[in-house]
Engineer: 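Quick one: structure below, then a few questions.
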Amino acid sequence: MSTTESAIVIGGGIAGPVTATALLKAGISARVYEAYAGPTFTIGSGLALAPNGVAALDLIGAGDPVRAIAKPISRMELSIGGKTVPTPSPEGLPPLQMVDRNELHRVLHDHAIAAGVPFEYEKRLVRTAESDSGVTAYFADGSSATADVLIGADGVRSTVRGLIDPANPGPEYTGMLGFGALIDNELGLMPGTMVFAFGTRAYYLYAVLDEKTILWGANLPHREYLSLTDARAMPAEHWLDQLRETYGADSPGGTFARRTTPDNLEITGALHIMPPVPRWHRGRLVLVGDAVHAPSNSSGQGASLAVESAVQLARCLRDLPDPGSAFAAYEELRRARVEGVAARARKLNHSKTPGPLARRLMSVLMPMMIKRMDPEQTLGVEQRYRIDWDAPVQPELVSAAG
């Protein structure tokens with residue numbers, strides 16, 4: 001029988017509210033502590049939730065609220081040098097759900113509150129102290145909180161990751177900055193389509209949400225690392241000049257860049273990828289979501305993996321007798337899966353900024369590779385993953401599955 005009755009969740013982005021809601025469903029009281037002054041509804045642009053991620057949200061009752069704000073994407077295409085080829089998808093799966101990150105934050109936050117999760121803001125974690133009976137979090141404002149466990153859902157710049165082990169690595173800069181915008185679908189592109197486009201100088205993607213709206217995102221090569229704050233400190237007009245210069249010769253990327261305005265440009269700053277993290281937990285502290293696994297946006301699985309891990313962590317804390325055994329089982333359930341997805345995304349990431357010769361080779365070879373691709377082998381395993389919430393977590397079964 002589990003001895004875990006309470007949890008501190010650090011971070012109120014995507015993983016935090018989901019983790020706290022799943023813990024409540026598991027019979028464990030949870031409170032979210034967020035460093036910002038309020039919900040982070042103004043950070044980020046669009047993202048895709050894969051079928052496995054939406055299925056995990058269904059387990060905590062958040063699937064339908066998310067579907068209500070999402071646009072289904074049922075067709076995927078690859079574009080190289082303006083030549084577009086359809087990419088096969090696994091059969092029999094629901095479509096991807098394209099959501100605005102701000103709206104996703106809002107829905108998950110509101111769903112958690114409705115479920116009974118308390119939130120506290122302006123709580124920046126600075127240190128922790130453990131005892132035989134619990135863990136205490138100390139915040140920059142002088143306040144503190146105590147619970148049985150502390151869960152770091154505090155993103156790629158996680159404080160908790162360093163508290164678990166100062167030698168744990170931090171995020172790696174991909175060499176690209178992220179930008180996005182919603183623009184009018186004046187080109188008459190097919191709704192429900194997502195296109196991964198390798199332009200003449202840089203990679204971009206776009207999703208045709210409906211007959212009126214296109215969401216496009218640019219991965220702008222940039223040698224200098226710029227945080228979200230640093231990138232937003234520069235005038236939007238500066239970035240629009242950069243985007244129009246980089247994508248101007250591309251079709252339809254050049255049109256997208258020219259139709260983006262300072263008012264609708266979304267600046268997200270440096271794009272990161274997390275290398276494998278050696279230590280996921282220590283004592284009563286554990287990591288979840290981007291704090292421990294943040295594959296590049298090439299994976300299409302970042303948010304979905306965060307949701308899965310939140311639910312699996314709640315199951316382990318529900319079923320295993322103490323935090324140590326629960327955290328060990330959780331890591332064994334998750335590590336191979338998330339690192340496999342990250343490895344696939346890392347390979348794709350290297351192809352986003354090819355030189356002129358590599359770009360010419362890609363235009364010949366990638367369409368041939370797409371035609372030979374087995375979508376079940378490449379994507380089916382990832383997207384068909386489902387969590388059996390009602391099944392008890394048993395360490396010996398976890399070890400056998402691993």
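Keep in mind that the numbers below use all heavy atoms, side chains included, and drop hydrogens, waters and symmetry copies. The shown structure was predicted, so the numbers you read here are calculated from the model rather than taken from an experiment.
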Engineer: Can you check whether T260 reaches L243 side chain to side chain, under 4.5 Å on heavy atoms?
Structural biologist: no
Engineer: Quick one: does any side-chain atom of H111 pair with a main-chain N or O of I60 as donor and acceptor, under 3.5 Å?
Structural biologist: yes
Engineer: Between F327 and H281, what is the ring plane arrangement, given parallel below 30°, perpendicular above 60°, and tilted in between?
Structural biologist: tilted
Engineer: Would you say L182 and L215 make side-chain contact, with heavy atoms under 4.5 Å?
Structural biologist: yes
Engineer: Can you tell me which residue pairs pass the ring-ring contact (aromatic ring centres under 6.0 Å, His included) test with a partner in residues 53-74, sequence neighbours excluded?
Structural biologist: none
Engineer: Answer yes or no: is there a side-chain heavy-atom contact under 4.5 Å between L305 and P295?
Structural biologist: yes
Engineer: Is there a side-chain contact between N185 and V208 in this structure, where contact means two heavy atoms from C-beta onward sitting under 4.5 Å apart?
Structural biologist: yes
Engineer: Could you tell me whether the side chain of Q97 and the main chain of A70 form a donor-acceptor pair under 3.5 Å?
Structural biologist: no
Engineer: So, does R282 use its side chain to make a donor-acceptor pair with the main chain of I164 at under 3.5 Å?
Structural biologist: yes
Engineer: Measure from the side-chain N and O atoms of D154 to the backbone N and O of T159, and report whether any donor-acceptor pair falls under 3.5 Å.
Structural biologist: yes
Engineer: Sub-3.5 Å donor-acceptor pair from the side chain of D319 to the main-chain atoms of Q394, do we have one?
Structural biologist: no
Engineer: If you define the side chain from C-beta out and look only at heavy atoms, does anything of I151 sit under 4.5 Å from L23?
Structural biologist: yes
Engineer: Can R232 and E266 be counted as an ion pair, charged N to O under 4.0 angstrom?
Structural biologist: yes
Engineer: Quick one: do the T261 and D263 side chains pair a donor with an acceptor below 3.5 Å?
Structural biologist: no
Engineer: Could you tell me the separation between the CD atom of E332 and the CH2 atom of W280, rounded to the nearest 0.5 Å?
Structural biologist: 11.0 Å
Engineer: Could you tell me if the ring centre of F256 sits under 6.0 Å from that of Y247?
Structural biologist: no
Engineer: Are a donor atom and an acceptor atom from the side chains of T146 and T136 found within less than 3.5 Å of each other?
Structural biologist: yes
Engineer: Where does the angle between the aromatic ring planes of H109 and Y121 fall among parallel (under 30°), tilted (30 to 60°) and perpendicular (over 60°)?
Structural biologist: tilted
Engineer: So do the side chains of M274 and V292 get within less than 4.5 Å of each other, counting heavy atoms only?
Structural biologist: no
Engineer: Is a salt bridge present between R106 and D100, judged by a nitrogen-to-oxygen distance below 4.0 Å?
Structural biologist: no
Engineer: Taking D165 for its side chain and A167 for its backbone only, find out whether a donor-acceptor pair lies under 3.5 Å.
Structural biologist: yes
